[in-house]
Number of protein chains: 2
Amino acid sequence: MAADPMYRRIAEDLRSKIEAGELARGAQLPTEIELRDQYDASRNTIRDAIKWLATNGLVETRPGQGTFVVVRLDPFITTLSADPETGLGGGEGDAAFAEVRDRGRSPSASEARVEVQAARGNVALRLRVPEGTQVISRRQERFIDGTPWSLQTSFYPMTLVASGAHRLLDATNIPGGSVAYLRHALDIVQVGYRDSVVVRTPDHDESTFFKLPDDGRIPVISLMRTGYQASDAGPTPFRVMITVLPADRNQLVINSGDVPGTPAAAVRP
Amino acid sequence: MAADPMYRRIAEDLRSKIEAGELARGAQLPTEIELRDQYDASRNTIRDAIKWLATNGLVETRPGQGTFVVVRLDPFITTLSADPETGLGGGEGDAAFAEVRDRGRSPSASEARVEVQAARGNVALRLRVPEGTQVISRRQERFIDGTPWSLQTSFYPMTLVASGAHRLLDATNIPGGSVAYLRHALDIVQVGYRDSVVVRTPDHDESTFFKLPDDGRIPVISLMRTGYQASDAGPTPFRVMITVLPADRNQLVINSGDVPGTPAAAVRP
DNA sequence: GCAAATTTGTTCGTATGTATT
DNA sequence: CAATACATACGAACAAATTTG
């Protein structure tokens with residue numbers, strides 16, 4: 001008779017009540033004991049139903065408080081394509097901040113945390129240096145209206161510092177952005193960039209910073225940007241930037257050719 | 001005493017064995033009974049540990065068979081930016097197929113499933129038509145080397161058919177793509193497009209087609225492309241295309257300015 | 001093709017721990 | 001401190017899916 005197990009039927013029932021608005025955003029569900037009586041099941045079965053709703057991102061449980069319908073965060077939009085007027089790459093330092101302010105929201109960022117590291121894996125591959133080569137890593141935490149928004153880490157070969165770009169080692173933000181700084185200091189011009197977008201589960205650091213549940217329910221969007229300068233051998237990489245964005249509060253937009261001047265609307269899920 | 005609960009410690013132990021290669025990709029874990037004896041815990045606690053590994057994408061359980069270390073699918077890369085030579089939008093019909101073949105893999109697609117629907121939500125908003133306006137929906141299922149790769153649905157206002165684009169109603173694939181067809185048939189030229197990228201949990205249809213676990217562990221990347229034609233009032237939308245890609249086997253690439261001619265390498269997780 | 005064995009899935013009951021109010 | 005609510009852990013039984021003999 002019962003095609004689906006009981007916990008799934010209970011979960012579906014609760015889901016429909018949430019989607020019908022019967023249980024509002026942020027509202028508290030009945031307690032496990034109350035649900036046990038309502039559905040005439042054991043508390044463990046109710047917990048299975050709630051667990052299913054939780055892994056599907058519909059509710060969240062808070063020990064000692066109860067189970068609540070999740071409130072969807074107001075999504076923020078990052079435009080990846082370069083601004084045709086400024087030529088600035090989307091999602092980077094000042095360009096990203098300007099986009100946030102354009103939408104009437106308030107961005108902020110931590111000071112840069114600077115480290116010298118050995119290049120590994122994706123970074124070494126994209127900077128075209130051997131594994132273990134010394135690189136500068138500059139990491140910044142960003143917020144919108146106070147909520148954690150992105151983790152951005154940029155990597156530069158140490159050779160740039162030897163050539164005179166000493167400010168890359170400053171643990172302060174570089175006004176105007178490092179791309180502009182490298183243009184002025186070393187005449188390195190970013191002629192193009194390539195973004196690779198991957199969706200994955202957050203690591204422990206990321207879960208902590210973004211306050212994501214540590215069970216990997218909410219994925220992050222990892223955006224790796226390789227910046228190129230011109231050379232006789234064609235475009236040559238000089239920087240790699242990795243931006244990590246929680247998927248529950250971020251959308252990406254890419255423009256190509258002629259598009260309306262009005263900003264892109266958020267996609268409603 | 002125990003900082004972490006037992007099920008987490010067991011999960012972490014198994015995780016380290018997986019990451020150390022002690023448990024190979026695709027290998028079967030010991031059965032729940034064996035693990036119960038190994039860790040001296042109850043079967044339910046073992047199951048909690050396995051469930052944690054499963055929601056974190058490290059293992060998958062198959063009823064009647066056992067629990068297995070997941071094998072990561074060879075990721076496929078879709079380039080969203082327009083090809084500077086052909087001007088063709090990335091990820092669309094022929095362009096997408098060419099990219100797959102370039103990488104030595106074999107694409108295939110179902111015939112288009114055509115329906116006439118009432119425009120709703122995002123589609124109505126982006127086509128700039130009132131909710132309920134009749135639109136044509138053309139849906140296609142795509143595969144790479146036999147595994148489900150993407151679900152693509154395009155929406156066109158019915159007025160295009162009235163103007164003479166009758167083939168939009170044919171339940172067959174339009175050779176060269178519908179953008180080229182509309183250019184020839186109605187002189188509608190796509191002067192630009194805007195992509196919106198959202199990550200979300202799959203719906204039931206998508207879970208079925210992509211053979212994803214129905215608990216929402218693996219998200220999908222939803223790519224909504226609005227195509228614009230020129231008009232006196234600026235770029236005007238004439239089509240919306242929604243491509244849904246499972247996040248566990250897809251990466252996106254966006255090029256801007258001068259980048260190397262060599263294809264982008266996959267990001268290693 | 002069928003039956004048995006194996007393995008995971010569901011559901012109950014119970015007890016105790018931990019976080020919050 | 002007490003009450004409330006969720007978290008962890010144990011044990012047990014039967015169901016369902018799959019493989020094997």
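All chains are named by letter (A, B, ...) in the order of the sequence lines, taking the proteins before the strands, and each is independently numbered beginning at 1.
Across the protein-nucleic acid pair, Y39(B) atom OH and dT8(D) atom C1' stand 18 Å apart, rounded to whole Å. Atom P of nucleotide dA7(D) and atom CZ of R36(A) are separated by 16 Å, given to the nearest angstrom. In this structure, L35(B) places its CG atom 17 Å from P of dT6(C), rounding to the nearest Å.
With values rounded to the nearest 0.5 angstrom, D195(A) atom CG is found 5.0 Å from L80(A) atom CG. Taken to the nearest 0.5 Å, the CG atom of D48(B) stands 11.5 Å off from the CZ atom of R8(B).
Residue pairs satisfying the ring-ring contact (aromatic ring centres under 6.0 Å, His included) criterion with at least one member in residues 56-77 of chain A, sequence neighbours excluded, are listed as follows: F76(A)-W149(A).
Among residues two or more places apart in sequence or in another chain, the salt bridge (Lys or Arg N to Asp or Glu O under 4.0 Å) test is passed with R43(B) by E32(B).
At a threshold of 4.5 Å between non-hydrogen side-chain atoms, the residues R142(A) and F97(A) count as touching.
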Per-nucleotide protein contact string for nucleotides 7-13 of chain C (B base, S sugar-phosphate only, - none; heavy atom under 4.0 Å): BBBBBBB
